[in-house]
Amino acid sequence: MKKYNPLQIEKKWQKYWQQKKTFVAKDFSKNPKKYVLVEFPYPSGEGLHMGHLRPYIAGDIYSRFLRMKGHEVLYPIGWDAFGLPAENFAIKHHIHPSISTAKNIKNAKAQLESWGTSFDWSREVNTTDPDYYKWTQWIFLKFFEAGLAYEATGLINWCPKDKTGLANEEVIDGKCDRCGTVVVKKELRQWYLKITAYAEKLLEGLKNLPEWPEAVKLQQENWIGKSVGAEIDFGVIVRSAKGEVILSSRRHSERVQPSEESHPQSNKEILRPSDASGTQDDAMKIKVFTTRPDTIFGATYMVVAPEHPLVQNLESRIKNYGEVRKYIEDVKSETETQRTSLEKEKTGVELKGIKAINPATKEEIPVWVADYVLWGYGTGAIMAVPAHDERDFEFAQKFNLPITQVVRPQYVGTVLLLHGTNGNGKNNWFPWLSEKLSALGYKVISPDMNDQGTPDLNKRLKVLEKYKDEINENSLVIGYSLGAPTALQFLMKFNKKIRHLFLVAPTHPDMDWEWYRDNHADSPAEAIQKVSQASLDWEKIRDLVAGTTALFSDNDEHIPLSVKDLYERDMQANTVVLKNKGHFGTSSGLKELPELMDEIIDSAIASPVLAKASVEYGTLINSGKFSGLGSEQAIEKMAKEFGKLTVQYKLRDWVFSRQRYWGEPIPIIHCEKCGIVAVPEKDLPVKLPEVENYEPTGTGESPLAAIETWVNVKCPKCKGPAKRETNTMPQWAGSSWYWLRYIDPKDKKVFSDKKKQKYWIPVDVYFGGMEHTTLHLLYSRFWNLFLYDQGLVTTKEPYVLRKPHGIILAADGEKMSKSRGNVVNPNEVVKKFGADTLRMYEPFLGPHEMTVSWNDKGILGVRRFLDRVWVWANEVISSPHAKNNQGVKDTEKVEKALHKLIKKVTEDLENMRFNTAVSSFMEFHNEIKQDFITLDSLKTFLALMYPFAPHFCEELYSLFGNKKSLQEHEWPKYNPALVIDQTVDVVVQVNGKVKAKLSIKRDSSQDEVKAEALVVEQVKKAVGTSEIKRVIYVPNKLINLVI
RNA sequence: GCCCAGGUGGCGGAACUGGUAUACGCUACAGACUUAAAAUCUGUCGCCCGCAAGGGAUUGAGGGUUCGAUUCCCUCCCUGGGCACCA
């Protein structure tokens, strides 16, 4: 027997697969297709690392499994090779990036092969190949033609170290995603892709991705950040020193189109003076976006962002312009992080001499400029409603601006009305109360918890449980008699915060005293304790009630002092106590109670002085004809009345140009006469010129700008002198459509053939990292949706299932990094243990989507396992039985274990639970290694393990004399009958505690099992002389004797 | 602050729709083989009490539902990730 020598056999089989073209995917095969995609790597000088290994191994295992299941599997790979490291390397060593890239690709490819990956190399793509980026440029031109690629000057994120602009998605915590340098804002001419035009479609599309993880969808959803609201125009009025109106939007309501230059990123309308000299025609309005048009009557001032053009446009009218300009400049000098820091106190300056007119109240309100309003979102201006917005509230407090409440915090909610012991009658004041509260807009719930004379708190709570979700911070809870302790227990148990709590006659003389006496309660106080079954945590209850707690107690003669004291003492914090006012349980008290309640409810509901902004929905007050409406209704009505309903997204347009060399040139020509002209399709690709110097200029121009021979061209339209666009595309361009190229990588005529798309698209599984959720994954969905709209691709969504992976941490639980010196290099692991060990150990670390830690010792266990299997398999093959295989059978144990293994591994692979599949191989081998196994069964075992350890299994398989690759072996099927054991272990519990185990015939009856169980010493002892009250029997699993 | 994911022995982790918690692997310990070591093989191995038989507590903490909870419900704590003055 040869020793297991992974390096030798792995090379051998890698060569074999390559020669036999084992993994080449056939277009239009009759087999059902599966498209398994992994994010293609950037070929860096350091080679591929653990971060690549995880998805690639998973994809590989899964692909090999699917092929055996009879699928035509496309598992392609390529290179996302544009990017800064290659360019920086070029700057340092003056070697063209394509040369270093080619070298890195060669290394990475060798690495991938050494891992035993089953990629179809015949479809390899490279984003830096002109034959590839020709089509990237071509797609860009499609965007351009559709008006979705545009040029504009704007304040963008700029990385001072990389000397290039960045997309919003590339800025993490105010830092450059690539190098960690703090990003600054820079005014630059840029190309943008109008991803915002697809915001709604991208959001909608998520609904059609049921197989995507919720976390990924949520993250994209939050990133897109949709909010529905209204756009409302506020008129501006300018007064002279004497106070007379010299300019008003009421007289001049001329609108001017927005300026693309000043605000390219959204399609907001900005009003500008039509006459730059700024005279009588300075009529203008301030447009705001708000999600709360229902609060417009409370808008007591306005705020515009420092970048808002209004300030400049009204320069001559702003009396304190100097102060305003200084403030704006101070703000500009701050970094984004400083500016948006939440701890920072609010700052701002009033625009003196300017007033806005609140279209609802018609009042003149001041206009401020403050940095808490962002130019990038909405319209860059807000109506400030301090009463109902936390930020406005804070600002108003600081600058002493008026705060007007226009929404009564939503008392409109649910009322829980709880009756006492004999609930049948409910109480005769209940209907009165229900009516009153319903009229105020409450939903009244009065569940029937009829105790029939035996108050049982648990039963009551169970009845109440189904209403627990309806009770919230705006609710009133009213408990009468036993309903009072019930209410308290309900609040405690479900930790319900409510607004008001009213307790009426907390106990009652008509209560079932017999019951209390039977339960040895001498006093009502004790009775309450008994009924409650747990003592009340008064402190907690006080926390749960935000507003008033009112106690309506009976006449002293009817209610023992002890009970009243209990409530009064413990609830006093915010309690109103009303007593000696009658007997509320009977008709005699009926008159007084409504009066009292009226008083309390009215005072409780009346608006308190605002200590903080109340942001929740409610009922409108002080809002003219809208008063009385609920917020939700009011939002719609008032949006239409004062403006129009609109939608805003947090998503920004995609800054799509980089001021660097190593990227796809943007195929655009600037002509003095014709303006921006697309490079004609026949002239594509626009190739990168050879240059000496790759150094970025840092001025915001690409190094390409310096190459005159390349820059100067003839205009394709008028043949006059023109210049090429010198910006290049961002890293994310090439990867935004690469999966479409794999299916048709060599096509010269089209970027991706639609017939081939019909066979292969969509991608069935896409393995990749969580870090790309709002970058590549969003971008590529955008491109795909666009191409779909252009009729160029066949499905709306590119990926059916996204499978993210957790990161692999170093053994010390920290992230692997060179500076920590804890990096595990997969190359070295392959050298030391072999690729198959690596391929089995990596999934064995833990679930694919979970973060896991690498353990140098742990991998030894997997290698030992392979060594043992190697020896064992060789022994089986060379045993005398092997020679004459006919009529020989596995032992029963082996047969059963094998079929269970087939089931387990098949299910695990289908669900991509690779870690438990590996364990099950080990379990199987541990269990049957002493038993006799046939060659056929050994083959089955090898077939199951093949996706994980392909070289190892191929080698052993070939020792049988098999000429074919195991890849062509059919995936084993299990016999369902063999998976079921005829004898099962049944656990015997007494009162839920395990006392014994019985080995018993499958599907035995309860009586049989019980009889057997009672014979066991341990069980007998546990049961003793007690009577068995109940028996719970779960067939073939467990019997529980309750005594 | 808001939104996700997670918390199980000395460690990585198992446990299907509530039904034997700790599978599998690592580490550690003991034994066999060896002149010896490594490798390999065999066995033991979560915690507390006990010589043992056996008993007790235990899946971040507290509470609840249930005959029975790692699993369901409520509250709180911790870790990781995302968003964050988004009107």
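Within every chain, numbering begins at 1; the chains are lettered A, B, ... in the order of the sequence lines, protein sequences first and strands thereafter. Only this structure's heavy atoms are used, side chains among them; waters, hydrogens and symmetry mates stay out.
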Counting Watson-Crick and G-U wobble pairs only, both distances under 3.5 Å, name the nucleotide matched with [N], or none.
| N | answer |
| --- | --- |
| B:U79 | B:A5 |
| B:U17 | none |
| B:A30 | B:U42 |
| B:A87 | none |

Rounded to the nearest Å, what distance is computed from the [atom1] atom of residue [X] to the [atom2] atom of nucleotide [N]?
| X | N | atom1 | atom2 | result |
| --- | --- | --- | --- | --- |
| A:F921 | B:C24 | CZ | P | 16 Å |
| A:I382 | B:C85 | CD1 | P | 14 Å |
| A:R292 | B:C85 | CZ | C1' | 17 Å |

Please test A:T774 against A:Y779 for side chain to side chain donor-acceptor pair (under 3.5 Å), starting from the C-alpha separation and ending with a verdict. CA-CA 8 Å; A:T774 52; A:Y779 292 153; over 6 Å; no

N-glycosidic conformation, B:G43 - syn within 90 degrees of 0, else anti: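 For B:G43, whose glycosidic angle is more than 90° from 0, the conformation is anti.
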
Would you list the atom pairs, donor with acceptor, under 3.5 Å between side chains in residues 983-997 of chain A and any protein atom, with sequence neighbours excluded?
{"residue": "A:N991", "atom": "OD1", "partner": "A:I1043", "partner atom": "N", "Å": "3.0"}

Pairwise distance [atom1]([X]) to [atom2]([Y]) - rounded to 0.5 angstrom:
| X | Y | atom1 | atom2 | value |
| --- | --- | --- | --- | --- |
| A:S1026 | A:L1041 | OG | CG | 11.0 Å |
| A:L310 | A:K285 | CG | NZ | 14.0 Å |
| A:S920 | A:L901 | OG | CG | 5.0 Å |
| A:L778 | A:I224 | CG | CD1 | 5.5 Å |

By ring-ring contact (aromatic ring centres under 6.0 Å, His included), which residues pair with [X], not counting sequence neighbours?
| X | answer |
| --- | --- |
| A:Y327 | none |
| A:Y841 | A:W854 |
| A:W212 | none |
| A:W223 | none |

Starting the side chain at C-beta, find the nucleotide from [options] nearest to [X].
| X | options | value |
| --- | --- | --- |
| A:V994 | B:U20, B:C3, B:A87 | B:U20 |
| A:K346 | B:C85, B:C86, B:U20 | B:C85 |
| A:N926 | B:C24, B:C86, B:C4 | B:C24 |
| A:S227 | B:A87, B:C86, B:C4 | B:A87 |
| A:E923 | B:C86, B:C24, B:C3 | B:C24 |

Are A:F844 and A:F914 close enough that their ring centers fall under 6.0 Å?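 No.
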
A:Y301 and A:F399 aromatic centres sub-6.0 Å: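 No, they do not, as the ring centres are separated by 6.0 Å or more.
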
With 3.5 Å as the limit, what N/O pairs link the protein to nucleotides 49-57 of chain B?
{"residue": "B:A57", "atom": "OP2", "partner": "A:K993", "partner atom": "NZ", "Å": "3.2"}

Using the closest heavy atom to pick a nucleotide of RNA chain B for each, name whichever of A:L218 or A:Y649 lands nearer the 5' end. A:L218

Contacts of A:R913 and A:F289 projected onto RNA chain B by closest heavy atom; the upstream (5') one is A:R913

Does A:D177 reach the main-chain N or O of A:E170 with its side chain, forming a donor-acceptor pair under 3.5 Å?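 Absent.
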
Report, one pair per line, the protein and nucleotides 66-70 of chain B atoms (nitrogen or oxygen only) whose separation is under 3.5 Å.
{"residue": "B:C67", "atom": "OP1", "partner": "A:R1030", "partner atom": "NH1", "Å": "2.8"}
{"residue": "B:C67", "atom": "O2'", "partner": "A:N1040", "partner atom": "ND2", "Å": "3.4"}
{"residue": "B:C67", "atom": "O2", "partner": "A:N1040", "partner atom": "ND2", "Å": "2.4"}

Would you mind classifying the nucleic acid contact of [X] as base, sugar-phosphate or nothing, using non-hydrogen atoms under 4.0 angstrom?
| X | value |
| --- | --- |
| A:K815 | sugar-phosphate |
| A:K857 | sugar-phosphate |
| A:W223 | sugar-phosphate |
| A:G858 | sugar-phosphate |

Quick test of your reading: applying salt bridge (charged side-chain N to carboxylate O under 4.0 Å, His left out), list the pairs with at least one residue in residues 212-227 of chain A, sequence neighbours left out, ordered by first then second residue. A:E200-A:K226, A:E214-A:K217

Distances for protein N or O near nucleotides 71-75 of chain B N or O, under 3.5 Å:
none

Both conditions, 6.0 Å and 45 degrees, for the charged tip of A:K346 above the ring of A:Y372: are they met here?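 Yes; both conditions hold, so A:K346 lies above the ring face of A:Y372.
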
Go through A:W872 and A:F941 one step at a time and tell me if the ring pair (Phe, Tyr, Trp, His ring centres under 6.0 Å) criterion holds. CA-CA 12 Å; A:W872 168 72; A:F941 175 74; 5.7 Å; yes

Along nucleotides 5-14 of chain B, 5' to 3', which nucleotides get a B, which get an S, and which get a -, given that the test is a protein heavy-atom distance under 4.0 Å? -------BSS

List for me each residue that meets side chain to side chain contact (heavy atoms under 4.5 Å, CB included) alongside A:T773, sequence neighbours excluded, and say none if there are none.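 Expected list: A:V216, A:Q219, A:Q220, A:M770.
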
N/O contacts under 3.5 Å, protein versus nucleotides 38-47 of chain B?
{"residue": "B:U40", "atom": "OP1", "partner": "A:R864", "partner atom": "NE", "Å": "3.3"}

